[in-house]
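Indexing begins at 1, ligand by ligand and atom by atom, following the structure's order. Numbers here are sequence positions counted from 1.
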Amino acid sequence: MQARWYEADIERVIVTEEQIREKTADLAKQVAADYGSVNELLLVCILKGAVMFMADFTRELGRIGPPLELEFMSAASYGQGTTSSGVVRVRADLDRSIAGRHVLVVEDIIDSGLTLSWLLKYLASRGAASVEVVTLLRKPEAMRSAPPLKYVGFDIPTEFVVGYGLDYNERYRELPYVGVLRPEAGAAS
Ligand code: PRP
């Protein structure tokens with residue numbers, strides 16, 4: 001088979017397609033069990049990185065969980081580089097009220113935890129009945145600074161990762177797995 005263009009840029013794969021598939025199904029089962037008694041659940045995808053996970057997770061949960069509604073927000077903590085700036089900027093806000101709703105934030109990665117800490121306060125201030133978080137990936141720093149999370153896919157090392165929604169300067173989001181970029185491909189972690 002012909003090599004894909006990005007393979008030369010990836011040092012190693014840390015979460016495979018198969019692992020993502022299995023973990024997404026597991027997380028959906030846990031969420032379905034915990035929300036068995038609610039009338040509906042509002043999934044809030046944090047763009048852009050969570051878009052792949054949101055689509056796959058929603059399909060899994062849709063088969064076994066309560067009725068779902070989908071909302072999208074864009075809140076960025078990174079600039080153009082590879083480390084958190086510490087500044088959260090809302091690029092696109094929710095366009096409907098979440099008052100009284102059960103909200104599940106869908107994230108691709110919790111790194112410094114800054115984005116999430118800000119988001120949880122923001123969503124609570126908008127009157128959600130409950131707010132929980134499901135994230136595919138979590139880095140060690142987040143365990144110190146972000147609140148404890150119920151639904152975490154993989155704890156990964158402190159390295160700059162791309163793929164399955166995660167980018168480096170807007171590239172590599174389409175990769176079907178999560179991998180570490182070779183330093184010469186541009187990311188100095
Ligand atoms: C990423 C990720 C989280 C945030 C986590 O988004 O999707 O929202 O960073 O970082 P933190 O825990 O250090 O705050 P990013 O700002 O890169 O935007 P993008 O998803 O549009 O690429």
Side-chain angles (χ1 to χ4, degrees), residues 6 9-10 13-15 17 19-20 23-24 27 31 42-58 61 70-95 98 103-126 128 131-181 183 185-189:
Y6 50 77
D9 292 355
I10 300 298
V13 174
I14 59 168
V15 189
E17 276 189 80
Q19 286 173 315
I20 292 171
K23 189 65 78 176
T24 302
L27 289 168
V31 170
L42 182 64
L43 301 183
V44 176
C45 173
I46 310 303
L47 296 169
K48 303 174 192 172
V51 70
M52 299 276 194
F53 181 49
M54 175 76 164
D56 289 340
F57 178 75
T58 301
L61 185 58
L70 314 185
E71 284 288 328
F72 298 84
M73 266 188 85
S74 179
S77 74
Y78 289 7
Q80 292 281 299
T82 60
T83 52
S84 288
S85 65
V87 178
V88 176
R89 194 162 47 89
V90 176
R91 296 182 295 206
D93 205 346
L94 296 169
D95 55 14
I98 59 164
V103 172
L104 183 62
V105 175
V106 180
E107 267 285 24
D108 50 330
I109 188 165
I110 312 297
D111 186 344
S112 69
L114 288 167
T115 307
L116 185 66
S117 300
W118 181 88
L119 267 172
L120 291 175
K121 282 189 208 122
Y122 177 74
L123 295 171
S125 78
R126 304 265 307 237
V131 184
E132 294 289 348
V133 181
V134 59
T135 184
L136 182 67
L137 307 169
R138 179 173 63 178
K139 284 190 180 175
E141 177 65 24
M143 283 188 266
R144 287 188 286 274
S145 55
L149 301 181
K150 268 193 184 164
Y151 312 110
V152 177
F154 301 93
D155 280 305
I156 63 167
T158 307
E159 286 178 284
F160 188 75
V161 292
V162 296
Y164 198 67
L166 290 105
D167 73 310
Y168 174 65
N169 283 349
E170 297 302 327
R171 293 183 69 193
Y172 304 103
R173 294 193 197 274
E174 72 272 39
L175 276 55
Y177 50 69
V178 177
V180 177
L181 260 195
S189 57

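Between the CG atom in Leu94 and the CE atom in Met73 there is a gap of 5.0 Å [rounded to 0.5 Å]. Put simply, CG on Leu175 and CE on Met52 are 8.5 Å apart, with the number rounded to the nearest 0.5 Å. Note that the CG atom of Asp56 and the CG atom of Leu136 stand 9.5 Å from one another [nearest 0.5 Å].
When each atom of ligand 1 is checked for a heavy atom of Leu114 under 4.0 Å away, the hits are 12 (O), 14 (O). For ligand 1, the atoms sitting less than 4.0 Å from at least one non-hydrogen atom of Gly113 are 11 (P), 12 (O), 13 (O), numbered in the order shown with element in parentheses. Residue Leu47 has at least one heavy-atom neighbour below 4.0 Å for each of these atoms of ligand 1: 20 (O), 21 (O). Near Ser112, with a cut-off below 4.0 Å to any heavy atom, the atoms of ligand 1 are 11 (P), 12 (O), 13 (O), 14 (O). Residue contact check: Glu107 has heavy atoms under 4.0 Å from atoms 2 (C), 3 (C), 7 (O), 8 (O) of ligand 1. Atoms of ligand 1 found under 4.0 Å from any heavy atom of Ile110 (numbered from 1 in listed order, with element): 12 (O).
For the 3.5 Å distance criterion, the side chains of Tyr172 and Asp9 qualify, holding a donor opposite an acceptor.
Tyr122 and Trp118 have parallel rings, their planes meeting at less than 30° on a 0 to 90° scale where 60° marks the start of perpendicular.
If you look at Glu170 next to ligand 1, there are no close heavy atoms at all, none under 4.0 Å. Heavy atoms of Thr115 found under 4.0 angstrom from ligand 1 belong to the backbone as well as the side chain.
Within the 4.0 Å heavy-atom shell around ligand 1 one finds Arg91. In this structure, Glu141 does not count as a contact residue of ligand 1, since none of its heavy atoms falls inside 4.0 Å of the ligand. For Ile109, the closest heavy-atom approach to ligand 1 falls below 4.0 Å. Not a single heavy atom of Ala50 sits under 4.0 Å from any atom of ligand 1.
Geometrically, ligand 1 and Gly49 share a nitrogen or oxygen pair separated by less than 3.5 Å.
Residues Val180 and Ile10 are not in side-chain contact: their nearest non-hydrogen atoms beyond the backbone lie 4.5 Å or more apart.
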Exercise for the section: In sequence, state the C-alpha distance, the side-chain angles, and the governing distance for Leu149 and Leu116, and then conclude on side chain to side chain contact (heavy atoms under 4.5 Å, CB included). Expected result: CA-CA 11 Å; Leu149 301 181; Leu116 185 66; 3.7 Å; yes
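For the pair Lys139 and Glu159, the salt-bridge criterion is not met [side-chain N within less than 4.0 Å of a carboxylate O].
Considering every non-hydrogen atom in both Ile156 and Pro140, the closest pair reads O-CD, 3.2 Å.
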